[in-house]
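Only a predicted model underlies this, so the values are computations on that prediction, with no experimental measurement involved.
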Amino acid sequence: MNGLVKTAHRVINCVKHSSLTSALVTRSQAPVKRDFTRGIWHMSCSKRLEGPTATGLLHNHSNTCSCGCGLKAIHTKDKEDQSMQPKPLGERELVEFLTEEIVAERKAQKVKSLPSDVEGFTVKGDGAEVVLSKQLKDELIRITFNVNHTVDSDDYEGEVQQEKQEFAEMRSKPQFEVDVVRGDTTLGFTCSFLQEPPATSGDEYNDVFGIDEVTIYKGEWNDKVYAVAGDVLDGYLYDLLMNLLEEKGISNDFVQKLSDLSTAYEHSAYINLLETISKFTIGKQ
């Protein structure tokens, strides 16, 4: 019985060994086909997949690739290269237009440097706000205006203007405040340019500006201060106040020069705005 058992075991082992050998031969002869991605991942690993460290290697990133994908020598651009990519089409077109627009606006700029004095008034600008001041013997005359949203084409009614509408000059005609300050008391006027065109007749005198509001207060102005609209004033009182302003230097001629100053100041501020937007778009704030 022992001989038969041993013989049987021998036969079984022989069969197993022959099957294993056949399987190994068949596998070694079969063409090897590796997955490309997996092959690259295998080359990037500096350690073998051994035991418990095998799963940890899946999260080890290559030091040569900044995107964190764990691959070596695959990506040709790192983060610095990506930052050098051309800007979007919209931004590039904006910069190109601004470059041409700035050159054109500078050519059209009539006043290259703004005056520091207008008819005895000292001029100071702060952003969009301009202050003109003149100190007299016992009072201070102060004029304040803001150039924002004050530009419009200088057009008058008529066929000639319609033909030249394309070349109409852009004029700034801001509303302005006139303060006559004596001690701690201020007589204040709010004035604006009139919409009607100037008269062509030499005998007729038309004002180029009018009084919108009149007020008087002590100390600092606040919402409790009473003010009256110019269009509800007595006609004779209105004329007397206009004469008062003219005596203080706020005449038609001066207001025209104020418009010239505001136009030049607004144009300069516009060019500065274009340049700032261009620098912002390029990335050189």
Distance-only, no hydrogens or angles: does the [X] side chain make a donor-acceptor pair with backbone N or O of [Y] under 3.5 Å?
| X | Y | value |
| --- | --- | --- |
| T281 | I277 | yes |
| T263 | S259 | yes |
| D179 | V181 | no |
| T215 | Y226 | yes |
| N252 | N206 | yes |
| Y238 | I211 | yes |

Checklist entry - F121 and I250: side-chain contact (heavy atoms from CB on, under 4.5 Å), yes or no, with the steps? => result CA-CA 11 Å; F121 285 85; I250 319 300; 4.1 Å; yes
Tell me whether [Y] is reachable from [X] by hopping between hydrophobic residues (I, L, V, M, F, W, Y) whose side-chain heavy atoms are closer than 4.5 Å.
| X | Y | value |
| --- | --- | --- |
| V178 | L237 | yes |
| L245 | Y236 | no |
| L187 | L140 | no |
| V225 | V214 | no |
| F97 | I282 | no |

Item to check | Mutual orientation of the aromatic rings belonging to F193 and F176 [parallel < 30°, tilted 30-60°, perpendicular > 60°] | outcome: perpendicular
Sub-4.5 Å side-chain heavy-atom contact between [X] and [Y]:
| X | Y | answer |
| --- | --- | --- |
| L241 | F189 | yes |
| T99 | V95 | yes |
| F209 | L258 | no |
| V147 | S262 | yes |

Result block: side-chain N/O donor-acceptor pairs under 3.5 angstrom for residues 128-139, not counting sequence neighbours:
{"from": "Q135", "atom 1": "NE2", "to": "E139", "atom 2": "O", "distance (Å)": "3.1"}
{"from": "E139", "atom 1": "OE1", "to": "R182", "atom 2": "NE", "distance (Å)": "2.7"}
{"from": "E139", "atom 1": "OE1", "to": "R182", "atom 2": "NH2", "distance (Å)": "3.2"}
{"from": "E139", "atom 1": "OE2", "to": "K248", "atom 2": "NZ", "distance (Å)": "2.6"}

Checklist entry - Is a side-chain donor-acceptor pair under 3.5 Å present for D212 with S192? => result yes
For the atom pair [atom1] ([X]) and [atom2] ([Y]), what is the distance rounded to the nearest 0.5 Å?
| X | Y | atom1 | atom2 | result |
| --- | --- | --- | --- | --- |
| T186 | K218 | OG1 | NZ | 11.0 Å |
| Q195 | D152 | CD | CG | 8.0 Å |
| N146 | Q175 | CG | CD | 10.5 Å |
| N272 | I102 | CG | CD1 | 9.5 Å |
| E213 | E177 | CD | CD | 7.5 Å |
| S278 | L273 | OG | CG | 11.0 Å |

Side-chain donor-acceptor pairs under 3.5 Å in residues 104-118, sequence neighbours left out?
{"from": "E105", "atom 1": "OE1", "to": "H267", "atom 2": "NE2", "distance (Å)": "2.6"}
{"from": "R106", "atom 1": "NE", "to": "E275", "atom 2": "OE2", "distance (Å)": "3.3"}
{"from": "R106", "atom 1": "NH2", "to": "E275", "atom 2": "OE2", "distance (Å)": "2.7"}
{"from": "Q109", "atom 1": "NE2", "to": "V111", "atom 2": "O", "distance (Å)": "3.4"}
{"from": "K110", "atom 1": "NZ", "to": "E169", "atom 2": "OE2", "distance (Å)": "3.3"}
{"from": "K112", "atom 1": "NZ", "to": "R106", "atom 2": "O", "distance (Å)": "2.6"}
{"from": "K112", "atom 1": "NZ", "to": "Q109", "atom 2": "O", "distance (Å)": "3.1"}
{"from": "D117", "atom 1": "OD1", "to": "G120", "atom 2": "N", "distance (Å)": "3.3"}

Item to check | D234, CG atom: more than 12 neighbouring heavy atoms under 6.0 Å | outcome: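 Yes.
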